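Here is the naming used below: chain letters follow the sequence lines, and residue numbers restart at 1 for every chain. As the structure is a prediction and not an experimental result, all values here were calculated from the model.
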Amino acid sequence: MSNQEAAAASNFIRQIIDRDLAEGKNDGKVATRFPPEPNGYLHLGHAKSICLNFGIARDYNGTCNLRFDDTNPEKESQEYIDAIKTDVLWLGYEWDRLCHASDYFEQLYAFAEELIRAGKAYVCDLNAEQMREYRGTLTEPGKNSPYRERSAEENLDLFRRMRAGEFDSGTRVLRAKIDMAAPNINLRDPTLYRIRKGAAHHQTGEAWAIYPMYDYTHALSDALEGITHSLCTLEFEDHRALYDWFVENVDAPSRPYQYEFARLNLEYTVLSKRKLTELVNEGHVKSWDDPRMPTIAGIRRRGFPPEAIRDFCTRIGVTKSDGLVEIAMLENCVRESLDATAPRAMAVLRPLKVVITNYPEGQVEEMTAANHPKDQSMGTRTVPFSRELYIDQGDFVEVAPNKKWKRLTLGGEVRLRNAYVIRCDEAVKDADGNIVELRCSYDPDTLGANPEGRKVKGVIHWVSASHGVPAEIRLYDRLFNVENPGAAKDRDWRQDLNPESLVVIEGVVEPSLAQAAAGARFQFEREGYFCVDRKDSTTGRPVFNRTITLRDTWAKIAGKG
RNA sequence: UGGGGGAUCGUCUAGCGGUAGGACUACGGACUCUGACUCCGUCAACCCAGGUUCGAAUCCUGGUCCCCCAGCCA
């Protein structure tokens, strides 16, 4: 982590910790945890939680565990565990302990027997549908299960037989005996354990026929790990009463407290694991790490630097009010990071041939170009210049559309970046009137010097035709066309997918780019930031992903007519 | 007509009884061998109504609007 990264701004959770510390709680220790379920890939919403939890541990000299909340074997897998570890590390954080809730299955089971003995839990034979009926509604109290008053002995016997695999999946559950009339539905005798006979768990195999539920597992795992501040998102606020009930009704080794913060919502994207899974499964994107995905794997492949994500997370802050963060906020962080760190290069995305008629045939000059306009330490490189070049089609028009146009026109002059000033003498067209080639002349006195007696305002980039390397360029854009996909209830969120979120073109890049390392990030001058695709790029066939465009003031001016 | 939360510039936030501040965006301008970067400047907010107070975004009362909860998912 770089030093210049400002310490995270304070927030209500840090204030709570400050207060706890001032009061001498927890022996002055701060312990957090990041508890993903390994049933999908991490996304930007998780990044917010990761930065919060690991950031607090770092700033308070505390600890932060990575804990896999793996209580639902049917939806989880080792693939996700591996991906999650990779993502946390990539974001720049290291966990103190790597844990699995399944590490605690035996202890969790013992706590359950403790609850049963105390008459605080019972085995219920109601099926799922009956349980729903007995639960009542938001406005009506539920009613007690007919199995609620079983003796501790009978419950113990039944529960042990559940564990032993004597009963089929779904036939019985262990429930906490709390209050079926509680206005908080979570307290209406919640399920603690369900039977999943024969389910293969990625960590415990077939050792267990019963699996604990989230609320129970999470609270007690926190207590077992000595977590002091258990941070989760707002939708769990209602669960806090249950959380407290568990840690208070069992002989737990510590007393953690839960605090809730608002989850991240980001414009033009979806951040729900369910929807992201559907995007992958339904083929709207190619994979979990498709550069259009808001997953950590996706944005990594897209070229977003981890420090930009951390910066973003500190800028959006942590509160209890839910909002929708503008995509511009994220984009600003990415550009700011990349501007400082990405070496510059020249690449022509939509090539238009230029022949410099007064430049000697066969001659090649090695132009020296700075790798960064402000950071000398990034050094220079050499770019071959020759008689035939490519420039971008967008950098030439026969007649300037207005007085603000600075690029090349027929009869006009423009500077070739890091090289000479040229004048366009002729635009060669094909039978259909398309411009296929420009015939230009160069001014030999303009290398590293301004021309005499006239001002050339425009600067455009170029690549030598014979030296340039063809490359696949993947232009990524937002995945959705609407600010808040999924917000309209009467419309399927898939309807708002952007059909042009990926446009693949064939460009020509300067030769120095041919052997760029996988994942390497560059600024293609005047175009944007690009990175070498980690999966598909090869030396013979470079593939570049557009991370983000440069800010484009000209597009705004042009757009206004 | 249940319970739990939340409302401050367009957006994300700071504020904790004493001049409503920052970042992003937008809009001007300067600079420029990247229409980038950088720099300078401008616009812009306390959900509403009462009350307490010398003084209220902050405390009190009453409203309004928004979000979450009825999995043997997390």
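Pair check for U38(B) finds A30(B); Watson-Crick or G-U wobble, both atom distances under 3.5 Å. A49(B): Watson-Crick or G-U partner is U61(B), with both key distances under 3.5 Å.
Taking the ring axis of Trp208(A) as reference, the NZ or CZ atom of Arg163(A) stays within 45° of it and closer than 6.0 Å to the ring centre.
OP1 or OP2 of A74(B) has at least one side-chain nitrogen or oxygen of Thr71(A) nearer than 4.0 Å. In this model, the phosphate group of G4(B) is not approached by any side-chain N or O of Lys320(A) to a distance below 4.0 Å at OP1 or OP2.
Among residues two or more places apart in sequence or in another chain, the ring pair (Phe, Tyr, Trp, His ring centres under 6.0 Å) test is passed with Tyr193(A) by Phe159(A), Tyr216(A).
Comparing A70(B), A23(B), A74(B) by their closest approach to the side chain of Asp69(A) singles out A74(B). Listed candidates were C12(B), A7(B), A74(B). Nearest to the side chain of Ser321(A) is A7(B). In the set A23(B), A74(B), C27(B), C27(B) carries the atom at the smallest distance from any side-chain atom of Lys556(A). The listed nucleotides are C12(B), C24(B), G71(B); the one nearest the side chain of Arg135(A) is G71(B). If you check C72(B), G2(B), A74(B) against the side chain of Thr139(A), the one that comes closest is G2(B).
Toward the 5' end of RNA chain B, the nearer of the two residues Asp215(A) and Arg132(A), judged by each one's closest nucleotide, is Arg132(A).
For the residue pair Asp70(A) and His100(A), no side-chain donor N or O sits within less than 3.5 Å of a side-chain acceptor on the partner. In this model, no donor atom of one side chain and acceptor atom of the other lie less than 3.5 Å apart for His202(A) and Gln78(A). Under 3.5 Å, the side chains of Gln523(A) and Glu525(A) contain no donor-acceptor pair of N or O atoms. In the model, Glu79(A) has a side-chain atom that pairs as donor or acceptor with a side-chain atom of Tyr41(A) under 3.5 Å. Checked by atom type, the side-chain pair Glu74(A)/Tyr211(A) shows no donor-acceptor distance below 3.5 Å. Checked by atom type, the side-chain pair Tyr243(A)/Asp222(A) shows a donor-acceptor distance below 3.5 Å.
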Reading nucleotides 29-45 of chain B from the 5' end, what letters show protein touch, with B for base, S for backbone sugar-phosphate only, - for no heavy atom under 4.0 Å?
-> ----BBBSBS-------
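Glycosidic conformation of G5(B): anti, with the torsion beyond 90° of 0.
Among the atoms of the strands shown, base atoms are found under 4.0 Å from some heavy atom of Ala128(A). Thr217(A) comes within 4.0 angstrom of nothing in the nucleic acid, heavy atoms only. Contact annotation for Leu126(A): base contact, defined as any heavy-atom pair under 4.0 Å involving a base atom.
Separating the CG atom of Asn484(A) from the C1' atom of C12(B) is a distance of 15 Å, rounded to the nearest angstrom. Atom P of nucleotide A74(B) and atom OH of Tyr214(A) are separated by 9 Å, given to the nearest angstrom. Whole-Å rounding puts the Leu264(A) CG to C24(B) C1' distance at 15 Å. Regarding Phe261(A), its CZ atom lies at a distance of 15 Å from the P atom of G6(B), rounded to whole Å. Ile210(A) has its CD1 atom 14 Å from the P atom of C73(B), to the nearest Å. Distance, Glu74(A) CD to G71(B) P: 18 Å, rounded to whole Å. Rounded to whole Å, atom P of G71(B) lies 16 Å from atom CZ of Arg274(A). Atom-to-atom, CD of Glu331(A) to C1' of U11(B) comes out at 13 Å; the value is rounded to the nearest Å.
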Listed pairs, N/O of protein and of nucleotides 64-69 of chain B, under 3.5 Å:
from, atom 1, to, atom 2, distance (Å)
C67(B), O2', Asp322(A), OD2, 3.2

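The 12-atom threshold is exceeded at CD of Glu23(A), counting heavy atoms of other residues, nucleotides or ligands nearer than 6.0 Å.
Not a single donor-acceptor contact under 3.5 angstrom links the side-chain atoms of Glu140(A) to the base of G2(B).
The main-chain N or O of Asp339(A) is found under 3.5 Å from a side-chain atom of His372(A) such that the two form a donor-acceptor pair.
Using a 4.0 Å cut-off between a side-chain N of Lys or Arg and a carboxylate O of Asp or Glu, Arg172(A) and Asp125(A) qualify as a salt bridge.
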